[in-house]
Amino acid sequence: MSPFLDLPPLTAAQFAATEDKVAALLHTTADVIVTQGEALLPLEAAIRGAAHPGSTALNIVTGPYGQTFGNWLRDCGAKVVDLAVPFDTAVSGAQVAEALAADPSIDFVSLVHAEAATGNTNPVAEIAAAVRAHGALLMLDAVASVAAEPLLTDAWGVDLCVIGGQKAMGGPAGVSAVSVSARAWERIAANPAAPRHSYLSLLDWKERWTDAGRTALPHAPAQLEMLALDACLDRIAADGLPTVIARHRAAAAATRAGVRALGTLDPFVPDDAHAAPVATTLRTPAGLAAAGLAAELLRLDPTLPVQAGGGALARTMLRVNHYGPAAALTPVRATLTALATATGTDAGPALTAADTAWGEALTAGR
Ligand SMILES: *Cc1c(COP(=O)(O)O)cnc(C)c1O
């Protein structure tokens, strides 16, 4: 019999246990709600819960998702201050502090931790400190950073932390989670425009599930996705979160070192400190379209974790993902070998550089 058929309904106890595992992964004692949908669902729910006419949001734009958040915030009637930096860098705590000082009415800040689409990552600890000092709420999109780099929700002071299972966690898409601090609950409860009796309502979950003692589920959850998420959380716990994080960091370091040794493509994010461990983005040389290169690489080896950038970036950006099982030396070496073949260069120096960087990154993390 297929293990995917005739499944008994997921119990409230199982659902609550998975939420607790997510809370441990996020280093938070705040309420965690697992949401039945892709990560954009809790991200939109968090914004619509917190933003309203009369509120002012600082929307930090370091990649494509920041633009989406700005649109939702404006749709909620909030005044939006956009702080945008080029997608191949990171925003600094000082830049955020300056933007906050310029507008004392800012009461909400939206930030993406790591950007899988552009390969950059932001220094959340220093940004969160600035937000905290200002007294605003901080929403963090940690979909691409969770399990790839440290994510200290409570220690940093993140009020709304959103994750999905399908990137560095190596788990299922279509199921996601958000942690909600006590301060965030107060603000959402006081917002007359916060969604109620809606799929986007965090308050519905709080009343009907969290505050009700998590004994009766308000709906029938998607069993397969929940079981897959739970299995993925168990696997990360068994491997050890620091080990999983170190593998992502080492995969990115090895890819960057290998590509630099190849010499035909450049890291899209030039500064190593701004490079996301979840995915390494590469700038293709003029005349070599990234979409065509990605197709050629996949023809050489269909298992490679590569894709062209989204939208206009499909011309100039190649993405090497280090998601979950791809955070290993073998797929990095295979990618470099195919890149050497596709661009007519010798793979030898790239592989040597990658091996060295992989070893150094793992040792540095100890
Ligand atoms: C992938 C990703 C998302 C979207 O996740 P979905 O589950 O596809 O909605 C949001 N933010 C970031 C930073 C991502 O990398």
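Computed over heavy atoms, backbone and side chain alike; hydrogens, waters and symmetry mates excluded. Both counts, for ligands and for their atoms, begin at 1 and track the order of listing. Throughout, numbering of the chain's residues begins at 1 and tracks the sequence.
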- prompt: Hey, is ligand 1 close enough to L43 that some N/O pair sits below 3.5 Å?
  reply: no

message: I want to know if ligand 1 touches V112 in the polar sense, i.e. an N/O pair below 3.5 angstrom.
response: no

- prompt: Can you tell which part of A114 has a heavy atom less than 4.0 Å from ligand 1: side chain, backbone, both or neither?
  reply: backbone

field: Taking atom 9 (O) of ligand 1 as the reference point, the nearest protein heavy atom with its distance
entry: E38 OE1, 2.5 Å

Salt-bridge criterion met for K79 and D107 (N-O under 4.0 Å): no

Nearest-neighbour protein heavy atom for atom 11 (N) of ligand 1, which is reported as residue plus atom name and distance: D141 OD2, 2.5 Å

- request: Ignoring hydrogens and angles, state whether a donor on the side chain of T153 or T28 is under 3.5 Å from an acceptor on the partner side chain.
  value: no

Audit row: D82, R74, side chain to side chain contact (heavy atoms under 4.5 Å, CB included) steps and yes/no: CA-CA 11 Å; D82 282 315; R74 275 177 265 272; 3.0 Å; yes

task: Could you tell me how the ring of W205 sits relative to the ring of F15: parallel (under 30°), tilted (30 to 60°) or perpendicular (over 60°)?
output: parallel

task: Could you tell me whether the side chain of D103 reaches within less than 4.5 Å of the side chain of L100, counting heavy atoms only?
output: no

- prompt: Tell me: protein heavy atom nearest atom 14 (C) of ligand 1, and distance?
  reply: K167 NZ, 2.9 Å

- prompt: So, are R183 and E186 salt-bridged, with charged N and O less than 4.0 Å apart?
  reply: no

message: Which of the numbered atoms in ligand 1 are under 4.0 angstrom from any heavy atom belonging to A144?
response: 15 (O)

query: Backbone, side chain, both or neither: what part of E115 comes under 4.0 angstrom of ligand 1, heavy atoms only?
result: neither

field: Polar proximity ligand 1 side, Q166 side, N/O cut 3.5 Å exclusive
entry: yes

field: Residue pair L40 / Y65, side-chain heavy-atom distance below 4.5 Å
entry: yes

message: Can you name the atoms of ligand 1, numbered from 1 with element, that are less than 4.0 Å from a heavy atom of A39?
response: 5 (O), 6 (P), 7 (O), 9 (O)

field: Nearest-neighbour protein heavy atom for atom 4 (C) of ligand 1, which is reported as residue plus atom name and distance
entry: Y65 OH, 3.4 Å

task: List the steps, then state whether side chain to side chain contact (heavy atoms under 4.5 Å, CB included) holds for T210 with E19.
output: CA-CA 11 Å; T210 316; E19 286 182 337; 5.7 Å; no

- prompt: Considering only heavy atoms, does L40 approach ligand 1 within less than 4.0 Å through its side chain, its backbone, both, or neither?
  reply: both

